[in-house]
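Just so it is clear, the model here is predicted, and its values are computed rather than measured. Reckoned from all heavy atoms, side chains included, excluding hydrogens, waters and symmetry mates. Within every chain, numbering begins at 1; the chains are lettered A, B, ... in the order of the sequence lines, protein sequences first and strands thereafter.
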Amino acid sequence: MLIYADNAATTAVSKKAVEAMLPYFTQQYGNASSIHTAGQMANKAMQEARADISNILGCEPKELIFTSGGSESDNQAIVSAALLGAKKGKKHIISSKIEHHAVLHVLDKLKKEGYDITLLDVSPEGIVSAADVEAAIREDTALVTIMFANNEIGTLQPIAEIGEICKKHGVIFHTDAVQAVGHVPINVKEMNIDMLSFSAHKFHGPKGIGGLYVRKGIRLSPLIEGGAQERGLRAGTENVAAIVGMAAALKEQVENMDKNAEKLKKMRDRLMDSVLAAVPRSRVNGDRQKRLPGNVSFCFEGIEGESLLLMLDSMGICGSSGSACTSGSLDPSHVLLAIGLPHEIAHGSLRLTFSEYNTEEEIDYIINAVPKVVSRLRDMSPMWERIVKEDK
Amino acid sequence: MLIYADNAATTAVSKKAVEAMLPYFTQQYGNASSIHTAGQMANKAMQEARADISNILGCEPKELIFTSGGSESDNQAIVSAALLGAKKGKKHIISSKIEHHAVLHVLDKLKKEGYDITLLDVSPEGIVSAADVEAAIREDTALVTIMFANNEIGTLQPIAEIGEICKKHGVIFHTDAVQAVGHVPINVKEMNIDMLSFSAHKFHGPKGIGGLYVRKGIRLSPLIEGGAQERGLRAGTENVAAIVGMAAALKEQVENMDKNAEKLKKMRDRLMDSVLAAVPRSRVNGDRQKRLPGNVSFCFEGIEGESLLLMLDSMGICGSSGSACTSGSLDPSHVLLAIGLPHEIAHGSLRLTFSEYNTEEEIDYIINAVPKVVSRLRDMSPMWERIVKEDK
Amino acid sequence: MLYSEKVMDHFMNPRNVGKIDDADGVGEVGNAKCGDIMKIYLKVEDDIITDVKFNTFGCASAIATSSIATEMIKGKPISEALKLTNKAVVEALDGLPPVKIHCSVLAEEAVKAAVADYYKKQGKELDEEFFSCSGCCSACEHGEEHTH
Amino acid sequence: MLYSEKVMDHFMNPRNVGKIDDADGVGEVGNAKCGDIMKIYLKVEDDIITDVKFNTFGCASAIATSSIATEMIKGKPISEALKLTNKAVVEALDGLPPVKIHCSVLAEEAVKAAVADYYKKQGKELDEEFFSCSGCCSACEHGEEHTH
Ligand SMILES: Cc1ncc(COP(=O)(O)O)c(C=O)c1O
Ligand SMILES: Cc1ncc(COP(=O)(O)O)c(C=O)c1O
């Protein structure tokens with residue numbers, strides 16, 4: 001039994017996506033920038049993928065460039081907007097405390113270069129307030145960058161509202177939609193999004209490919225210089241197979257979005273309710289409604305996340321604690337701290353994230369396993385001992 | 001009949017590489033940074049690939065990071081060395097006039113930022129002189145970056161000699177080995193290379209993956225910030241399938257290197273000799289010996305490369321004129337100008353690049369086709385008319 | 001695809017390729033350095049272009065625009081040939097990639113240069129405005145204006 | 001793999017888990033904020049550690065280091081327990097990932113804290129150098145020194 005419940009970290013590539021990619025490895029392998037037939041066949045496939053994806057996002061094909069993934073897109077979007085701002089003497093950027101490191105670390109770097117960064121607090125439910133965004137906007141604000149959905153606690157942010165505010169104030173609005181694309185409805189035009197980052201491996205596409213939507217009129221700066229690919233905005237031989245795979249995965253995902261969401265929400269809510277009922281001193285992180293259909297995030301007092309994870313793993317359950325990217329770090333998740341949890345509770349987090357490939361039987365198994373593992377760890381935890389004593 | 005003779009632009013992915021990749025799409029798709037079994041299985045595969053590749057290059061696994069390809073590696077290597085240099089007040093960089101745009105455009109950008117760039121001339125045979133490199137080194141030289149093999153005319157540069165010179169003078173030496181890795185023997189330690197860029201799709205690996213070797217002790221700066229992947233030097237969920245595919249392709253390529261080179265040289269030399277004999281006023285670009293086994297580069301006076309290409313394409317031959325990356329540009333190749341060709345001759349270039357998948361029959365077909373197409377175009381060329389007149 | 005079917009057809013099967021030894025007007029524009037030269041030969045009777053041939057050194061679209069331009073003026077009065085615009089050439093070819101628009105400019109100018117030569121040989125005056133620069137690429141001084 | 005088999009074994013099947021109600025010495029180090037607390041209970045007879053138990057809140061390596069540390073001192077004289085080093089703990093576990101070395105420091109210190117408590121209860125003096133800081137993570141002031 002192996003239950004994969006870490007779909008926020010990455011997903012399995014769908015059969016359709018693999019099938020779509022295969023011909024581009026060994027048959028239509030031409031360089032999409034070459035003018036011969038082999039190249040133009042690859043180019044055509046790439047342009048079709050671009051049209052499909054931009055159609056889904058609600059933008060023009062010309063407003064979409066392909067990158068190596070979410071991190072690259074985030075980096076390029078933010079650096080580009082910062083450079084544009086600097087040209088007009090605007091060096092203030094607004095973001096939130098719960099962004100992914102691909103955003104936060106770029107902002108750290110910009111801070112060192114003299115930019116002024118405002119990181120907004122979030123509510124205890126893990127949601128940025130659009131009013132806070134508006135209040136933070138200044139004359140010299142170059143960029144607002146707020147994630148669409150949080151990768152740890154799954155909370156959905158009021159993107160359309162923030163988009164409207166940014167539009168009103170003439171500030172560029174970027175959203176890291178890596179966790180959202182393919183999972184919740186998005187239309188960049190209706191939501192007044194100026195830039196949007198996404199990554200294929202979060203929606204059953206391949207790893208190593210992603211995209212960046214940039215509204216016409218906003219000038220991107222290349223992060224990777226070289227050949228004239230992507231109209232000079234992103235050098236490097238086009239990754240045609242992966243681009244085609246990404247488009248296939250996204251189309252499939254969007255076609256089944258409502259059906260999948262319904263199924264996932266049912267599983268998600270049942271899991272949350274059952275575990276909360278079975279485990280004392282447990283909590284769900286993030287708003288219960290305004291969250292990704294497949295995201296469950298718990299904290300269990302008195303135990304630590306890694307040991308919880310590894311014990312679950314030994315029972316065949318693959319989950320995560322905090323985000324995968326922070327593994328190797330000893331600090332508890334910055335997201336859990338941002339929603340106001342004390343360190344000791346933030347250490348005991350468990351993230352279980354599902355896709356439509358998961359089954360109700362798997363949820364049953366998890367509902368049975370989690371309380372057992374929590375008990376086992378609590379039994380040997382001096383911290384739990386103290387909590388129980390204090391309770392009495 | 002479709003003859004693919006554009007292997008310098010990109011190659012077909014080998015069967016072994018595809019097979020190596022497949023399990024990582026739908027089965028072992030875990031995030032290599034996740035601590036659960038699915039993640040650790042992916043991680044193990046990635047570490048094996050890293051060990052295999054570093055073994056081939058002659059470096060330690062820790063000295064190798066994975067990137068999205070040659071362009072990204074070139075960018076990161078050069079920017080990192082420039083930043084290191086600047087810290088010590090060294091802002092001079094030495095390179096050559098025949099580098100790839102992924103190098104030249106980064107150097108252009110650095111120039112705007114105040115770096116002093118020396119671009120060395122090359123010989124009429126397209127070879128950088130190691131003595132010129134030494135003569136150009138100054139007190140404030142931060143970096144020497146010279147490509148291993150040229151992508152247009154296939155010339156091999158005296159990398160070991162340059163490496164020794166750089167070592168002697170304590171200057172960091174980067175080589176863009178995108179065209180060389182998998183095709184000619186390379187050992188970074190023996191050749192005193194400090195940094196080396198490569199890209200899988202040039203040796204029958206997948207597109208969108210590459211690597212950068214960096215000698216221990218040289219501090220890379222991340223180009224893409226975010227998660228702690230690649231020891232914090234390159235953020236983004238690891239592209240495990242592509243990494244595994246790259247390693248499989250490279251191993252296969254290196255195992256068969258001698259055999260392939262022998263076969264390719266024979267085809268290459270026969271093609272060059274036959275076409276030179278059949279077509280008046282034709283020439284081979286680049287040194288006839290010191291060149292990649294699979295590279296043939298011609299210039300035909302009186303005609304223009306694109307029309308030559310498209311006519312060959314209509315006969316089922318996929319070649320290129322100049323490099324694929326400059327398509328969309330009207331200028332003739334900077335490489336052909338650098339070896340001293342006048343514009344009008346540089347316009348009439350044809351690059352045919354082969355892999356071990358090509359056959360002698362294909363060479364026969366090309367030897368037959370090229371003179372015909374050249375004649376046809378010359379018959380309608382007022383420039384050819386003039387050349388013929390002047391000859392009389 | 002990079003080029004329309006029309007362009008590929010005129011490139012692979014160019015119409016009116018050749019020379020006219022006793023031409024009434026010959027025009028040549030472009031230069032080797034820029035990578036395209038077009039040469040157009042006219043036979044004119046009663047101000048009607050009765051025959052036209054071309055020779056072109058250049059890319060596929062240079063050849064295709066030469067080909068279609070000769071088709072568009074063959075059998076037409078000189079006055080109409082003078083009205084040939086690069087836009088009309090592009091449209092007749094179902095479009096050209098942006099970087100190739102300059103080829104259509106070249107074709108327009110080659111026709112005009114041939115007509116100018118005819119006028120000159122006939123000792124006629126001609127409106128200056130029709131004949132400015134040969135239109136080329138960024139390597140020529142006037143290039144930029146013509147490449148749109 | 002992230003952890004050696006030895007670590008995983010001691011994590012999944014920890015030895016000596018539990019408490020000793022009438023312990024002769026109890027030591028607790030670490031804190032909840034840092035994400036690990038180790039508590040070690042000793043039973044001592046004639047300066048020999050006859051029984052030892054632990055309770056740990058923390059990651060897999062915190063649990064594994066506690067487990068192996070108790071095994072390493074069980075049945076040994078107090079003097080030897082005091083010589084237990086974090087390096088010995090790491091070696092006994094066939095290594096730990098660099099970020100987890102601090103757990104072995106914690107285990108060493110938990111043992112020492114328990115011994116110190118035993119000495120105190122016995123009214124004995126003890127060398128100061130053995131008992132500096134509880135060793136933790138970067139969140140503690142002394143943390144850095146211990147995480148190597
Ligand atoms: C010499 C050289 N350097 C760099 C590159 C860039 O590699 P990639 O397209 O994989 O980014 C190429 C190929 O396009 C090349 O031939
Ligand atoms: C919200 C968010 N942003 C950015 C990223 C980075 O994406 P990638 O790993 O594809 O570069 C991730 C996932 O790791 C994410 O969840």
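Looking at A/Ala235, both its backbone and its side chain come within 4.5 Å of chain B, counting heavy atoms on both sides. Both the backbone and the side chain of A/Leu223 come within contact range of chain B, with heavy atoms under 4.5 Å apart. Within the 4.5 angstrom heavy-atom criterion, no atom of A/Thr67 approaches chain B. Heavy atoms closer than 4.5 Å to chain A are found in the backbone of B/Glu238, but not in its side chain. Contacts between B/Arg234 and chain A at a heavy-atom distance below 4.5 Å involve the side chain alone, from C-beta outward. Of the atoms belonging to B/Ala38, heavy atoms from both backbone and side chain fall under 4.5 Å from chain A. Using a 4.5 Å cut-off between heavy atoms, A/Val18 contacts chain B through its side chain alone, with no backbone atom that close. Neither the backbone nor the side chain of A/Ala241 comes within contact range of chain B; no heavy atoms are under 4.5 Å apart.
For the pair B/Leu22 and A/Leu22, the minimum side-chain heavy-atom distance is below 4.5 Å. Annotation: side chain of B/Asn239 is not in contact with side chain of A/Ile209 (no heavy-atom distance under 4.5 Å). Proximity of A/Ser221 to B/Lys109: side-chain heavy atoms (C-beta onward) are nowhere separated by under 4.5 Å. B/Ile224 places a side-chain heavy atom less than 4.5 Å from the side chain of A/Ser68. Between B/His36 and A/Leu309, the closest side-chain pair of non-hydrogen atoms is not below 4.5 Å.
A donor-acceptor pair is defined here as one N or O able to donate and one able to accept, closer than 3.5 Å; such a pair exists between the side chain of A/Asn31 and the backbone of B/Ala9. A donor-acceptor contact shorter than 3.5 Å is absent between the side chain of A/His101 and the backbone of B/Gly226.
For the side chain to side chain contact (heavy atoms under 4.5 Å, CB included) test with A/Glu225, the passing option among B/Ile78, B/Val106, B/Val103 is B/Val106; the others fail.
Between chain B and the residues A/Gly245, A/Ser314, A/Gly319, A/Gly69, the most heavy-atom pairs under 4.5 angstrom are made by A/Gly319. Heavy-atom pairs under 4.5 Å with chain B peak, among A/Asn75, A/Leu104, A/Thr10, at A/Asn75.
With rounding to the nearest 0.5 Å, the separation of CD1 in B/Ile35 from CG in A/Leu310 is 4.5 Å. To the nearest 0.5 Å, atoms NZ (B/Lys15) and OG1 (A/Thr26) are separated by 8.0 Å. Rounded to the nearest 0.5 angstrom, A/Ser34 OG and B/Tyr4 OH are separated by 5.5 Å.
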(request) Could you walk me through whether A/Lys207 and B/Tyr29 pass the side-chain contact (heavy atoms from CB on, under 4.5 Å) test, one step at a time? (result) CA-CA 9 Å; A/Lys207 298 180 189 21; B/Tyr29 52 81; 4.3 Å; yes
